[in-house]
There are 2 protein chains.
Amino acid sequence: MDNRLDALFAALADPTRRAILTMLLEDDMAVTDVAEPFQMSLAAISKHLTILTRAGLISQEKRGRVKWCKLEPDTMRDVTVWVQGFGQFEPVHLDAFERFLAAEFAEPGETG
Amino acid sequence: MDNRLDALFAALADPTRRAILTMLLEDDMAVTDVAEPFQMSLAAISKHLTILTRAGLISQEKRGRVKWCKLEPDTMRDVTVWVQGFGQFEPVHLDAFERFLAAEFAEPGETG
DNA sequence: GGCATATTCAACCTTTCGGTTGACGATTAT
DNA sequence: ATAATCGTCAACCGAAAGGTTGAATATGCC
C-alpha cells in the first residue's frame, strides 16, 4: 500500500467493508455489534475494521472493554477528488443512494 | 451482491491502473503505447487493461492489429454516487486533483 | 511467402487477502 | 476470586492478485 489511495480503494473494494461503512452511517458501534449481522467470525470482522481504520475510513476508540467504531466520512473526499478529475461532476443526486439506504434500513409504516 | 462496485473499487485500487486511467484522460492509446512508460511486461499491462475493461472504466476496440483503449469516465459516476452518500459532496476543485496527480506520478520512483 | 509488429494465452511463481480456529490479555460482573 | 465478555493475536489455509517468461495468434508490410 504505497499510496494513500491504494489503501482507500482497496478498503472500499470489499462488500463486507462497504456494508460496515453504511452501518456506521447510522451510529457508532462496538466491534461485536458490527460483527453481529455477518456470517463470519469476530476475528474476521476485526481484521476488516483494522483495514478500514488504516485507510482512514473509520476510527476506533476503546472505552472500557468496548471498542467503538466511528465513521470518518471526510476521508472519502479523497476518493471524490480523484474521481471527479475524470469529469464526473455533473449534479449527482442522492436519489439512488437514499433509495438504497431506505431499503436497507426500512422502517414499517414509512411511505416514500 | 453488487459485484459491480467490487470490480470498480478493486480496479481503482492499483496505482498502475490509476496511472493508466489518467494517461487515457489525454487521448485514446494503443496497448503498446500504454505500456511504454511502465517498467513491466506488455503482458502485465494487458492484464491490467482487461481488469479496467471488465470494471467498465475503459473500452477496447481493435482496429487492424492495434487495440485502442478508450477511457469510459461515466463508469466512475457509480463511485461518485456511492461515495457521496456519505456526505462528501462539497465543491471539489481541479486544483486539488492536479495536486493528487502530481503526487501519484511522483511516487513510482522511476524518474527520481 | 516470409518477416516484423501487436497483443494475448498458458504456465508458473510469490505475495497478499479473506477467512478459520484456539489461545490470550484486558475488563466487567457475580 | 472466579467467571463471563470484548477484542486481538498467531498460526494456518485456500484462493486470488500481480508479476514473469515463452509460445501462439492476428495483422500489416515487402
Side-chain angles (χ1 to χ4, degrees), chain A residues 1-21 23-24 27-71, chain B residues 1-21 23-24 27-70 104 107-110:
Chain A
M1 301 170 184
D2 55 351
N3 195 307
R4 173 169 193 74
L5 281 179
D6 290 8
L8 240 179
F9 281 120
L12 293 174
D14 185 276
T16 300
R17 289 193 289 264
R18 287 200 307 278
I20 290 173
L21 292 174
M23 285 166 60
L24 291 176
D27 210 347
D28 298 358
M29 295 178 80
V31 173
T32 304
D33 294 334
V34 169
E36 194 266 332
F38 297 97
Q39 307 290 86
M40 68 180 75
S41 70
L42 187 59
I45 295 294
S46 180
K47 283 188 189 179
H48 281 304
L49 291 171
T50 299
I51 290 169
L52 288 171
T53 300
R54 280 210 273 259
L57 288 164
I58 69 170
S59 60
Q60 290 180 286
E61 184 199 352
K62 194 171 178 183
R63 287 203 300 271
R65 61 181 168 178
V66 175
K67 202 164 185 179
W68 293 92
C69 303
K70 181 180 186 304
L71 188 65
Chain B
M1 294 194 187
D2 61 335
N3 207 314
R4 175 157 194 79
L5 280 179
D6 289 8
L8 241 179
F9 280 120
L12 294 173
D14 185 276
T16 300
R17 290 193 290 264
R18 287 199 308 277
I20 290 173
L21 291 174
M23 285 164 61
L24 291 175
D27 208 347
D28 298 357
M29 295 178 80
V31 173
T32 305
D33 294 333
V34 169
E36 193 265 332
F38 296 97
Q39 306 290 84
M40 68 180 76
S41 70
L42 189 59
I45 295 295
S46 180
K47 284 187 189 177
H48 281 305
L49 291 171
T50 299
I51 290 169
L52 288 171
T53 300
R54 281 210 274 257
L57 288 164
I58 69 170
S59 60
Q60 290 180 287
E61 185 200 352
K62 193 170 178 183
R63 287 204 299 271
R65 58 181 170 176
V66 175
K67 203 165 186 179
W68 293 91
C69 304
K70 181 179 185 306
E104 275 284 287
E107 198 82 17
E110 284 131 22

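All chains are named by letter (A, B, ...) in the order of the sequence lines, taking the proteins before the strands, and each is independently numbered beginning at 1.
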Side chain to side chain donor-acceptor pair (under 3.5 Å) partners for [X], two or more places apart:
| X | answer |
| --- | --- |
| A/T50 | none |
| A/E61 | A/R63 |
| A/S41 | none |

Starting at atom [atom1] of [X], determine the distance to atom [atom2] of [N], rounded to an integer number of angstrom.
| X | N | atom1 | atom2 | answer |
| --- | --- | --- | --- | --- |
| B/E61 | C/dT7 | CD | P | 13 Å |
| A/F38 | C/dG18 | CZ | C1' | 14 Å |
| B/D14 | C/dC17 | CG | P | 12 Å |
| B/R54 | D/dA16 | CZ | C1' | 12 Å |
| A/W68 | C/dT27 | CH2 | C1' | 15 Å |
| B/L52 | D/dG18 | CG | C1' | 13 Å |
| A/D6 | D/dA17 | CG | P | 16 Å |
| B/N3 | D/dA16 | CG | C1' | 14 Å |

Checklist entry - How many angstroms lie between CH2 in B/W68 and CD in B/Q60, if you round to the nearest 0.5 Å? => result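 Here the rounded value is 12.5 Å.
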Checklist entry - A/A11 and A/L57: which non-hydrogen atoms are nearest, and at how many Å? => result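 Where A/A11 meets A/L57 most closely, the heavy atoms are CB-CD1, 3.9 Å.
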Next on the checklist: Give me the atom names and distance for the closest heavy-atom approach of B/R17 to B/A10.
Outcome noted: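 Smallest interatomic distance, heavy atoms only, reads NH2-O, 3.0 Å.
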Next on the checklist: I'd like to know if the side chain of B/T53 reaches the main chain of B/L49, judged simply by a donor and an acceptor atom lying under 3.5 Å from each other, with no hydrogens or angles considered.
Outcome noted: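 Checked: pair present.
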Checklist entry - With distance as the sole test, does A/R18 use its side chain to make a donor-acceptor pair with the main-chain N or O of A/L12 at under 3.5 Å? => result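 It does hold such a pair.
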I'd like a table of atom pairs between the protein and nucleotides 8-11 of chain D - only N or O on both sides, under 3.5 Å - with the distance next to each one.
from  : atom 1 : to    : atom 2 : distance (Å)
D/dT8 : OP1    : A/K67 : NZ     : 2.9
D/dT8 : OP2    : A/S46 : OG     : 2.2
D/dT8 : O5'    : A/S46 : OG     : 3.3

Item to check | Phosphate OP1/OP2 of C/dG19 contacted by A/S41 side-chain N/O (<4.0 Å) | outcome: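 No.
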Distances for protein N/O vs nucleotides 23-27 of chain D N/O pairs under 3.5 angstrom?
from   : atom 1 : to    : atom 2 : distance (Å)
D/dT27 : O3'    : B/R65 : N      : 3.3

Listing, residues 30-38 of chain B side-chain donor-acceptor contacts under 3.5 Å, not counting sequence neighbours, or none:
none

